[in-house]
Participant: 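Here it is, the structure, as structure tokens.
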Amino acid sequence: MVGVFVLAGAVAAGAVVLTRGTQGSDRQEPSRAAGTGGPSGAAGPGGLRDAVEAAPGATPSGSGDGKRYRLTAPDTILAGTYRKDPVTSRDPFREVDKQTLAIVGVTDAQSVGGAYKSDTTAPSLKLANFGGLWGGVKDPEATVDNMFRTLILGIQADPTGKPELEGSPKAFRPGRLDGNAVMKCQKMKTTDPSLGAESFTVPVCIWADSSTVGVVSSADATTILLHQDPSLEQAADITARIRLDVRVEITR
């Protein structure tokens, strides 16, 4: 189901649009704190550029444990129930330069990604797509909002016009989300050529802490085939579990 795997790529595509929008122009000082008012504000490259940095004196949030982490794409996640698909796995941020990712909120960024699926077959097949960044994150909430803004830019740049975000990002605090990490989720309607012309909805969740950022989309075949509305609460819980699986402490 190709449609499940477009979300992190759309964020990366939005970052490319952001790069083009800032080339040849001087950086402007932000007129307000990054993320203020949420990602429903100006979605154009200029609007994002003016909103990406925290206002002077803002207090950074983060993981809260004082540790630093990197991200990996292990062979299995979610207690071994999902396995990485070597055919569809990719790093959606590989072609995005570090300067652009710094504008979004991650300095000296490195990236990783993976596509996962359960060992079961349809209609009980479950899928999860993960794209992640690690480096320095001064303001996790602002970075989450900026990632959603770049997602909007990526969707707007899609020549097919198929993806469509529903509503606005909602904040979630699942029990497994430790420290001061921030997570927001939103639904996106898309289509998949393998399913014909019918559209379906998948959730996308983005987390950020003081050193990592992750974009996760998850879906199961039953929800898609029965045209059911996916649960953002369940998606947030899955994302929090994936975050624990892919983070590795940097010990030196």
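The analysis underlying the following values was restricted to heavy atoms, covering all of them including side chains, and did not include hydrogens, waters or symmetry mates.
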Participant: Check Phe172 against Leu177 and note the closest heavy-atom contact, atom names and distance.
Facilitator: O-CD2, 4.0 Å
Participant: Would you check if Asp178 and Arg247 make a side-chain contact, meaning some heavy-atom pair closer than 4.5 Å?
Facilitator: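 The answer is yes, as the side chains (C-beta and beyond) meet within the 4.5 Å cut-off.
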Participant: In this structure, which one of Thr239, Asn129, Leu151, Val216 forms a side chain to side chain contact (heavy atoms under 4.5 Å, CB included) with Val204?
Facilitator: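 It is Leu151; the other options fail the test.
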Participant: Hey, mind stepping through Leu125 and Ser118 against side chain to side chain contact (heavy atoms under 4.5 Å, CB included) and telling me if it holds?
Facilitator: CA-CA 6 Å; Leu125 178 67; Ser118 64; 3.7 Å; yes
Participant: Considering all heavy atoms of both residues, which atom of Lys98 and which atom of Ala109 are nearest to each other, and what is their separation?
Facilitator: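 Answer, listing the atom of Lys98 first, then Ala109: CE-O, 3.1 Å.
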Participant: Calculate, to the nearest 0.5 Å, the distance between atoms CD and OG belonging to Glu95 and Ser111 respectively.
Facilitator: 9.5 Å
Participant: Where do Gly131 and Pro92 come nearest, in terms of heavy atoms and distance?
Facilitator: CA-CG, 3.9 Å
Participant: If we only count heavy atoms from C-beta on, is the Lys184 to Ile206 side-chain gap below 4.5 Å?
Facilitator: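 When only atoms from C-beta onward are counted, Ile206 and Lys184 do not touch, as no gap falls below 4.5 Å.
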Participant: State, yes or no, whether a side-chain contact exists between Trp134 and Val112 at a heavy-atom distance under 4.5 Å.
Facilitator: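 In contact.
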Participant: Do the side chain of Thr81 and the main chain of Leu78 share a donor and acceptor less than 3.5 angstrom apart?
Facilitator: yes
Participant: If every non-hydrogen atom of Thr100 is compared with every non-hydrogen atom of Asp97, which pair is closest and at what distance?
Facilitator: N-OD1, 2.8 Å
Participant: Within a strict 4.5 Å, meaning less than it, do heavy atoms of the Pro74 and Val246 side chains meet?
Facilitator: yes
Participant: Minimum heavy-atom separation for Ser168 to Gln186, with atom names?
Facilitator: CA-NE2, 3.6 Å
Participant: Determine whether Tyr116 and Ile242 make a side-chain contact, defined as any pair of heavy atoms from C-beta on separated by less than 4.5 Å.
Facilitator: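 A side-chain contact under 4.5 Å is absent here.
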Participant: With side chain to side chain contact (heavy atoms under 4.5 Å, CB included) as the test, pick out the partner of Val137 among Thr143, Asp209, Thr107, Val144.
Facilitator: Thr143
Participant: Kindly compute the distance separating CD1 (Ile77) from CZ (Phe130), expressed to the nearest 0.5 Å.
Facilitator: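 CZ of Phe130 is found 9.0 Å from CD1 of Ile77.
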Participant: Return the CG to CG distance between Asp237 and Leu232, rounded to the nearest 0.5 Å.
Facilitator: 12.5 Å
Participant: Answer yes or no: is there a donor N or O on one side and an acceptor on the other, between the side chain of Thr223 and the main chain of Pro230, under 3.5 Å?
Facilitator: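 The answer is no, because no donor-acceptor pair under 3.5 Å joins these two groups.
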Participant: How long is the gap from OG on Ser217 to NZ on Lys187, to the nearest 0.5 Å?
Facilitator: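 If I round to the nearest 0.5 Å, the distance is 15.0 Å.
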Participant: Please check: side-chain N/O of Ser89 versus main-chain N/O of Ala115, any donor-acceptor pairing under 3.5 Å?
Facilitator: yes
Participant: Got Lys189 and Glu166 here, is their nearest side-chain heavy-atom distance under 4.5 Å?
Facilitator: yes
Participant: Surrounding CZ of Arg83 (heavy atoms of other residues, nucleotides or ligands, distance under 6.0 Å), is the total greater than 12?
Facilitator: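 Not more than 12 within 6.0 Å, no.
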Participant: With rounding to the nearest 0.5 angstrom, report the CZ to CG distance, Phe93 to Leu133.
Facilitator: 4.5 Å
Participant: Working to the nearest 0.5 angstrom, can you tell me the gap between Lys170 NZ and Cys205 SG?
Facilitator: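 Rounded to the nearest 0.5 Å, the NZ-SG separation comes to 12.0 Å.
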Participant: Is a side-chain N or O of Arg173 found less than 3.5 angstrom from the main chain of Ala181, in a donor-acceptor match?
Facilitator: yes
Participant: If only atom types and distance count, is the side chain of Arg68 paired as donor or acceptor with the main-chain N or O of Ser210 below 3.5 Å?
Facilitator: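 The answer is yes, because a donor-acceptor pair under 3.5 Å joins these two groups.
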Participant: I'd like to know whether CD of Gln228 has more than 12 heavy-atom contacts from other residues, nucleotides or ligands below 6.0 angstrom.
Facilitator: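 Counting neighbours around CD of Gln228, more than 12 heavy atoms of other residues, nucleotides or ligands fall under 6.0 Å, so yes.
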Participant: Go through the steps to decide whether Asn146 and Arg149 satisfy the test side chain to side chain contact (heavy atoms under 4.5 Å, CB included), and finish with yes or no.
Facilitator: CA-CA 5 Å; Asn146 290 332; Arg149 288 189 178 98; 2.9 Å; yes
Participant: For Lys126, look at atom NZ and say whether over 12 heavy atoms of other residues, nucleotides or ligands are found less than 6.0 Å away.
Facilitator: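 Count not over threshold, so no.
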